[in-house]
Amino acid sequence: MDVAIIGAGYVGLVTGAGLANLGHSVRVGESSSDRVAMLEAGEMPIYEQGLPGLLARARERQAISFHNSNIEAIEDADLVFLCLPTPESPDGRADLTFVHAVIDELAEEVGEDTLFVIKSTVPPGTAASLRKRLADLGSSARLVSHPEFLREGRAVEDFMEPDRIVIGAYERDDAERVASLYRSIDTSIVITDPTSSEMIKYANNAYLAARLTFANALANVCEAVGADVVDVIRGIGLDHRIGPHFLQPGPGYGGSCFPKDTAALIAVAEDAGYDFQLLKAVIEADHQQRQRVAEKVRQAAGGGLHRRRIAMWGVAFKAGTDDVRESPALRIARLLQQDGAEVVAYDPEASSDELTMAPDPISAVTDADVLLVATEWPEFGTIDMKEVAAAMKGHRVVDARNLLDSAAVRSAGLDYWGLGRPGA
Ligand code: UGA
């Protein structure tokens, strides 16, 4: 099929390159001319594992092209995917400015058989209001909701081997048209109405945020009662009703999705007359988790942070990405800096202007009072802790991802403080 993708961000590029590799002809419209020039030159505007290869294969087959004009991108398109950002407004609601602007721009340009596919994360009810907008503008184009479930760092894998595909349509034919794009992929397809489809996306992210916040709370209780959260989570994860995934305690959730989507779902519920207290408590607990980790670092530094040098391994919001948006590492670093600490960070991919960045993990810990592990990059687990101990001034390691081998840290002569672990 001929597919237009509007927005060459992380969702648009993975979706566009993925569809091109499934045999479709893809034209990507992007408002940044710099980004279009980069993509045309075969360069990557974002770091996403597997995406360069996927794009290169699509280009070799001449199945993808990039355009600095949306009108040019939708030429001959059967389906127009909207892959635009929906950032958080100051009141917590999703800001739909980009989506509205593109619908207005394209409403009269598309043919009557064209199907708009809303990939962006939008509040329940958005498809219904966009459909009305199209009708008001005299367009007979149709519209479906088709949310994405791509994890940064694993987005290509999630596109090619999805757990499920969700399509919310007004007409069965429209849902089948979208489903037929994925004929070569063996997975479950959930077909529903657009509002339920929009709700599935928010419910998914809100549940995952709540789940890992529950794991963080368990870690805090384990710490208080002297239990080991690693064993506790293994113990509960073997219950099929619970499962082992997405239960790793950490410094709280970050990234471009969970914080905004949890806030947006609370606002959606509130507008509809429901007070979503459970989710409000999740956000509050997540907020406290960062403060707890910062407090642990303060204790590790001897009770005060003034002029203390804190080495931080990890800046990205999670491993496998260079993305620092809403990164818990950065939020904790800010709390430490506010109390007078100097934070020297190392990350294999990410960096931040707010911090002194070190070129390697050992330079970061040189003369440090405390080492904080803030992102779960596997390579941190392979660093020789004896070398770390020799370079540090202090002798305490706060492992906010429970990543390091605590025995190796201790045998190097350092104190190991994990989350929810004995001796923490
Ligand atoms: C998330 C969802 O997992 C995707 O399905 C969804 O498509 C995407 O948001 C989106 O809405 O676009 P992502 O933001 O890439 O994907 O990140 P996750 O892997 O879900 O991690 C989110 C945060 O939770 C990270 O800060 C991570 O470190 C933290 N986390 C995750 C934990 O602290 N513990 C865990 O066990 C899992």
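Along the sequence shown, the residues carry numbers beginning at 1. In listed order, ligands and their atoms are each counted from 1.
- Side chain to side chain, E30 and N68 fail the donor-acceptor criterion of an N or O pair below 3.5 Å.
- Using modelled atom types, one finds no donor on one side chain facing an acceptor on the other under 3.5 Å when comparing E198 with S145.
- Side-chain contact annotation: Y170 with D193, donor-acceptor N/O pair under 3.5 Å absent.
- Rounded to the nearest 0.5 Å, atoms CZ (R27) and OG (S69) are 9.0 Å apart.
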Protein N/O near ligand 1 N/O, under 3.5 Å, which pairs?
residue, atom, partner, partner atom, Å
ligand 1, 7 (O), E148, OE1, 3.1
ligand 1, 7 (O), L150, N, 3.0
ligand 1, 7 (O), L150, O, 3.1
ligand 1, 7 (O), K201, NZ, 3.2
ligand 1, 11 (O), K201, NZ, 2.7
ligand 1, 11 (O), N205, ND2, 2.8
ligand 1, 12 (O), E148, OE2, 2.8
ligand 1, 15 (O), E152, N, 2.7
ligand 1, 15 (O), K318, NZ, 3.0
ligand 1, 17 (O), K318, NZ, 3.2
ligand 1, 19 (O), K318, NZ, 2.8
ligand 1, 26 (O), G254, N, 3.0
ligand 1, 26 (O), F317, O, 3.0
ligand 1, 28 (O), F317, O, 3.4
ligand 1, 28 (O), R401, NH1, 2.8
ligand 1, 28 (O), R401, NH2, 3.3
ligand 1, 34 (N), Q248, O, 2.9
ligand 1, 36 (O), L247, N, 3.3
ligand 1, 36 (O), Q248, N, 2.8

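- Formation of a donor-acceptor pair under 3.5 Å by the D158 side chain with backbone atoms of P162 is not found in this model.
- A side-chain donor from one of T97 and D95 sits under 3.5 Å from a side-chain acceptor of the other.
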